[in-house]
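FYI, the numbering just counts along the sequence from 1. For ligands, and for the atoms within them, numbers begin at 1 and follow the listed sequence.
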Amino acid sequence: MSGIKVLVSGASGRMGREVCKAVLKESELQLVGAVDKMNIGKDVGSLIGSEPLNVFIQGELIAGLNSCKPQVVVDFTAPATVMNNIRTTLAAGIHVVVGTTGLTPENLQEMNELCTQFKVNALVAPNFAVGALLMMQFAATAAKYFPQVEIIELHHDQKLDAPSGTSIKTAEMILAGREKQVPSTIGEEKIKGVRGGEMGGIHLHSVRLPGLIAHQEVIFGGEGQTLTIRHDSMSRESFMPGVILAAKLVCERPGLTYGLEHYLFQ
Ligand code: NAD
């Protein structure tokens with residue numbers, strides 16, 4: 001076995017299991033470790049419906065890093081835990097690919113400093129699906145021509161944070177791409193919060209329902225016209241080409257990168 005050695009953190013979860021499957025299919029990557037609070041001691045093969053892999057779920061990240069010696073950690077855990085995982089990984093001199101959402105600007109600043117201090121690299125991607133990245137790019141382009149926009153993001157009902165990292169990144173890209181933001185009208189809210197949350201004058205709406213995976217609509221409004229840009233992830237496989245690309249490239253892209261578009265489009 002050869003290739004970049006990868007440890008998956010959150011390996012028992014919905015995304016973590018897909019990542020394990022995707023890494024196993026990729027000849028340039030090698031799955032050497034798996035960490036999760038659930039299914040400790042189980043062979044990863046039994047979680048993903050394959051033959052035994054001799055890679056067992058470990059309960060503590062630091063133990064996984066010490067025993068498996070990965071070059072890259074891919075983290076799909078939970079907003080409450082991700083920052084500690086990042087600190088542990090970077091301080092151990094190991095590159096990290098972060099899919100877990102919920103990181104704040106202060107967290108990103110700290111990651112930047114840790115990358116410099118420990119001379120390691122990190123990629124944080126609110127969304128790994130190429131279609132979603134294109135949706136954000138198209139929205140940033142449209143932002144110059146439409147001063148008003150609202151974002152509706154729709155996710156499965158087990159998602160822990162709202163709004164989604166993708167909607168926040170989209171709003172940031174729209175705001176960066178325009179000279180002025182026309183404040184949106186609110187009117188009288190008969191039900192508190194019915195006009196959604198607000199970020200820099202852009203209204204964000206979060207829908208949580210069983211049956212959904214990850215979806216987003218960016219709706220621009222102008223005189224006599226609207227422009228809707230929509231992306232749908234119909235399965236978690238949609239994220240895997242991006243995760244695999246990130247795991248391969250993070251070793252050679254210095255410092256912190258925020259957004260997979262910087263690996264894909266540049
Ligand atoms: P999930 O709940 O199915 O899986 C999370 C896993 O992490 C669970 O198995 C849980 O036991 C484990 N975990 C929690 N705390 C841990 C800890 N301290 N140490 C080790 N393991 C721990 O969630 P999911 O649907 O797989 O999503 C995971 C994260 O990925 C969420 O933040 C979600 O928003 C994000 N996500 C990102 C993208 C993207 O493209 N960036 C796509 C989908 C989901």
Atoms of ligand 1 under 4.0 Å from any heavy atom of M38, numbered from 1 in the order shown, are 9 (O), 11 (O)
Should E18 and K21 count as an ion pair when the cut-off is N to O under 4.0 Å?
-> yes
Taking both backbone and side-chain atoms of A129, is any N or O found less than 3.5 Å from an N or O belonging to ligand 1?
-> no
Could you tell me whether T101 and ligand 1 have an N or O pair separated by under 3.5 Å?
-> yes
Does the side chain of D43 pick up a donor-acceptor pair with the side chain of S46 at under 3.5 Å?
-> no
Does T81, backbone or side chain, put an N or O under 3.5 Å from an N or O of ligand 1?
-> yes
Which residue supplies the protein heavy atom nearest to atom 40 (O) of ligand 1, what is that atom called, and how far is it?
-> F128 N, 2.9 Å
Specify the protein heavy atom at minimum distance from atom 10 (C) of ligand 1: its residue, its atom name, and the distance to 0.1 Å.
-> D36 OD1, 3.4 Å
Heavy-atom nearest neighbour in the protein, as seen from atom 35 (C) of ligand 1, with distance rounded to 0.1 Å | G99 O, 3.6 Å
Starting from atom 5 (C) of ligand 1, locate the nearest protein heavy atom and write down its residue, its atom name and how far away it is, to 0.1 Å.
-> T77 O, 3.4 Å
For A125 and ligand 1, answer yes if some heavy atom of the residue is under 4.0 Å from a ligand atom, otherwise no.
-> yes
Counting both backbone and side chain atoms, is some N or O of K159 under 3.5 Å from an N or O of ligand 1?
-> yes
Any donor-acceptor pair under 3.5 Å linking the side chain of H215 with the backbone of I213?
-> yes
Numbered in order shown, the ligand 1 atoms found under 4.0 Å of a heavy atom of S12 are 9 (O)
Is a side-chain N or O of T116 found less than 3.5 angstrom from the main chain of N112, in a donor-acceptor match?
-> yes
Give the residue and atom name of whichever protein heavy atom lies nearest to atom 30 (O) of ligand 1, and the separation in Å to one decimal.
-> F76 CD2, 3.3 Å
F220 and F146 aromatic centres sub-6.0 Å | yes
Does ligand 1 have any atom sitting under 4.0 Å from a heavy atom of P126?
-> yes
Which residue and heavy atom of the protein sit nearest atom 44 (C) of ligand 1, plus the separation = M15 CG, 3.6 Å
Does an N or O anywhere in G13 fall below 3.5 Å from an N or O of ligand 1?
-> yes
Between S167 and T170, a side-chain donor and acceptor under 3.5 Å = no
Between CD1 of I151 and CE of M135, what distance do you get to the nearest 0.5 Å?
-> 8.5 Å
For atom 2 (O) of ligand 1, what is the nearest protein heavy atom, given as residue, atom name and distance?
-> R14 NH2, 3.5 Å
Would you check the N or O atoms of N85, main chain and side chain alike, for any that come under 3.5 Å of an N or O of ligand 1?
-> no
Is R195 salt-bridged to E188, going by a charged N under 4.0 Å from an acidic O?
-> no
Would you find a donor on one side and an acceptor on the other, under 3.5 Å apart, between the side chain of N121 and the backbone of C251?
-> yes
Counting only N and O atoms by type, is there a donor-acceptor contact under 3.5 Å from the side chain of T81 to the main-chain atoms of A78?
-> no
Under the 3.5 angstrom rule, does the side chain of T100 hit a backbone N or O of T77 as a donor-acceptor pair?
-> yes
